[in-house]
Q: 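Here's a structure for you.
Below, each value reflects all heavy atoms present in this structure, side chains not excepted, and no hydrogens, waters or symmetry copies. We count ligands from 1, going down the list as the structure has it; atoms in each ligand are counted the same way.
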Amino acid sequence: MSNKSGIIAPGGTIGILGGGQLGRMLASAAAELGLHVHIYSPEKDAPAAEVSGHVTCADYEDEAALRRFADSVDVVTYEFENVPAETARILAERGLVRPGPLALATAQDRIVEKNFMKAQGILTAPFADVSDEASLRAAIENIGCPSVLKTRRFGYDGKGQAKILSADGALSAYEEIGRAPAILEGFVSFEREISVVVARGADGEIAPYDPVENIHRNHILHQTLVPAKLPDAVADEARAIASRIVRELDYVGVMGVEMFLLAEGAGAQRLLVNEIAPRVHNSGHWTMDACIISQFEQHIRAICGWPLGRPARHSDAVMTNLIGDDVDQWKVLASERDTSIHLYGKGEARPGRKMGHVTRLYALGTRLA
Ligand code: AMP
């Protein structure tokens, strides 16, 4: 990597760690802006590799391959948050990594993440650190039940989590997550789950998309409803929280901020942050079809030091993930009106595997009418 200005002009090369569908959609957006892409992935047949000019297939621990990769690109970004710290360090030593190490370190560890929110005065579920049986007992006493025990690191789509209904069940939940370093969270009886996908440019400009509502099935995102049905003041607060997080982390790129919406009685509502994803986010896929600038283009603009695009919507939308054999319906879906279909080119439609998504568009302001 040779770029000193932090601005990558058309013709430059973006390195992406990870070769999944997010990398694939980032690579396509980069190509649209006249930029080249180099995918680094340990996985053979990575969905992103198919649409990228340069591919390195190597482990994240392969220092020689990482150095060659770093030297061949102008900026490195990533499509998943569990980039090993040492990998990020090796790459950062040789050039620009965006988003930077602070965001990665914060998002990789649920305790660090929650403490960051607390320091910012941003509300979260009550939480306590669990590192052994004694701290588990103390945490249960402190937080109460029901609660959720989650591994501090490497959890996704509900994996590495166990619900605790009464103190008697605490130990078996701890066993269930493999006695890994953990966080105990009070179980929040939320009304709905929402998220804000927000971008911050290299110059500090911040652009949040509208808050959206997310519906999960079997712990996997099923649908994103755009916009979320929220009073204006709550939508503004959601955008403000997401904006504050990216500003305080000196973040460059797109981030997904997941929140719980709580009913407070008398029609009042409160927002708690559940977690952040330091990358483009599944709940932002609708932006490909309902906005002029998609989250993928916005991320590429940000990490290349370009001006951000306006995050405005021209349509309402519902994004539905195609999980496992849902993808077999591709022909019917492709014949639907005002529906955009995106398939990730993955070979085998295993249960729970994200194979693609569809976005159904509605005239602006009509979905909730
Ligand atoms: P996470 O991996 O933290 O995003 O959790 C996955 C899903 O579990 C969330 O989208 C929620 O539906 C649910 N969940 C996680 N934490 C809590 C909590 N503290 N209270 C209630 N539900 C939760």
Side-chain angles (χ1 to χ4, degrees), residues 20 22 79-82 103-104 106-118 122-130 136 139-167 169-170 173-174 176-178 180-198 211-225 228 230 238 241-242 245 255-264 269-285 319-321 323 352 354:
L22 300 179
E79 57 128 44
F80 69 112
E81 55 272 50
N82 290 321
L104 261 185
T106 307
Q108 281 181 350
D109 184 323
R110 292 184 191 272
I111 293 276
V112 177
E113 183 178 55
K114 289 274 194 307
N115 280 327
F116 166 80
M117 299 303 160
K118 200 168 166 181
I122 295 171
L123 300 176
T124 65
F127 67 97
D129 195 348
V130 172
L136 174 65
I140 293 277
E141 237 163 70
N142 192 4
I143 307 287
C145 294
S147 46
V148 201
L149 190 64
K150 303 180 181 178
T151 56
R152 284 175 68 157
R153 303 171 72 87
F154 305 121
Y156 69 98
D157 288 347
K159 295 196 172 56
Q161 297 191 14
K163 199 167 166 183
I164 300 178
L165 296 174
S166 72
Y174 194 34
E176 202 178 311
I177 64 159
I183 182 172
L184 185 77
E185 289 181 23
F187 194 80
V188 173
S189 61
F190 54 78
E191 189 183 296
R192 280 175 287 148
E193 293 189 77
I194 68 162
S195 61
V196 175
V197 171
V198 59
V212 296
E213 178 174 345
N214 297 314
I215 316 272
H216 294 88
R217 273 192 193 165
N218 304 322
H219 295 286
I220 300 174
L221 182 65
H222 164 55
Q223 277 189 325
T224 296
L225 314 181
L230 297 172
I241 290 171
I245 293 170
M255 171 186 281
V257 181
E258 298 179 17
M259 304 178 197
F260 297 136
L261 180 74
L262 271 64
E264 289 283 85
Q269 289 167 317
R270 193 156 52 121
L271 290 171
L272 307 185
V273 167
N274 175 29
E275 63 177 2
I276 59 173
R279 54 170 168 78
V280 286
H281 197 247
N282 196 168
S283 75
H285 288 2
M319 188 286 310
T320 305
N321 271 333
I323 310 284
K354 290 177 180 169

Q: I'd like to check whether Phe260 has a polar contact with ligand 1, where a contact means an N/O of the residue lying under 3.5 Å from an N/O of the ligand.
A: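 It does not: no N or O of Phe260 is found under 3.5 Å from an N or O of ligand 1.
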Q: Would you mind listing which atoms of ligand 1 come within a distance below 4.0 Å of any non-hydrogen atom of Phe190?
A: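 Answer, ordered by atom number: 12 (O), 21 (C), 22 (N).
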Q: Which of the listed options, Glu258, Glu185, Lys150, Glu113, holds the heavy atom that is closest to atom 3 (O) of ligand 1?
A: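 Shortest heavy-atom distance from atom 3 (O) of ligand 1: Lys150.
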Q: For Lys114, is there an ion pair with Glu185 - N to carboxylate O distance below 4.0 angstrom?
A: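 Salt bridge between Glu185 and Lys114, a charged N being under 4.0 Å from a carboxylate O: yes.
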Q: Report yes or no: does Lys159 have a heavy atom closer than 4.0 Å to ligand 1?
A: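 Heavy atoms of Lys159 never come under 4.0 Å of ligand 1.
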Q: Enumerate the atoms of ligand 1 whose separation from the nearest heavy atom of Glu193 is less than 4.0 angstrom.
A: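 Near Glu193, the atoms of ligand 1 are 9 (C), 10 (O), 11 (C), 12 (O).
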Q: Taking side chain to side chain donor-acceptor pair (under 3.5 Å) as the test, write out the residues that go with Glu264, two or more places apart.
A: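 Residues passing side chain to side chain donor-acceptor pair (under 3.5 Å) with Glu264: Arg270.
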Q: May I ask you to identify, for Asn274, whether its side chain, its backbone, both or neither come under 4.0 Å of ligand 1 on a heavy-atom basis?
A: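 Under 4.0 Å from ligand 1, Asn274 contributes side-chain atoms alone.
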Q: I'd like the name of whichever of Pro146, Ala125, Gly186, Ser147 reaches closest to atom 18 (C) of ligand 1 through any heavy atom.
A: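 Looking at heavy atoms only, the winner is Gly186.
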Q: Closest approach of Met255 and Ile245, non-hydrogen atoms and distance?
A: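 Here Met255 and Ile245 meet closest at SD-CG2, 3.7 Å.
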Q: What's the shortest heavy-atom distance between Ile323 and Leu221, and which atoms?
A: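 Between these two residues, the closest heavy atoms are CD1-O, 4.2 Å.
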Q: Suppose we screen for side chain to side chain donor-acceptor pair (under 3.5 Å). Which residues come up paired with Asp109, at least two apart in sequence or across chains?
A: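 Expected list: Arg152.
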Q: Would you say the side-chain atoms of Thr320 and Gln223 include a donor-acceptor pair closer than 3.5 Å?
A: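 On atom types as modelled, these side chains qualify, holding a pair under 3.5 Å.
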Q: Would you tell me which option among Gln161, His216, His219 has the nearest heavy-atom contact to atom 1 (P) of ligand 1?
A: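 The residue whose heavy atom sits nearest atom 1 (P) of ligand 1 is Gln161.
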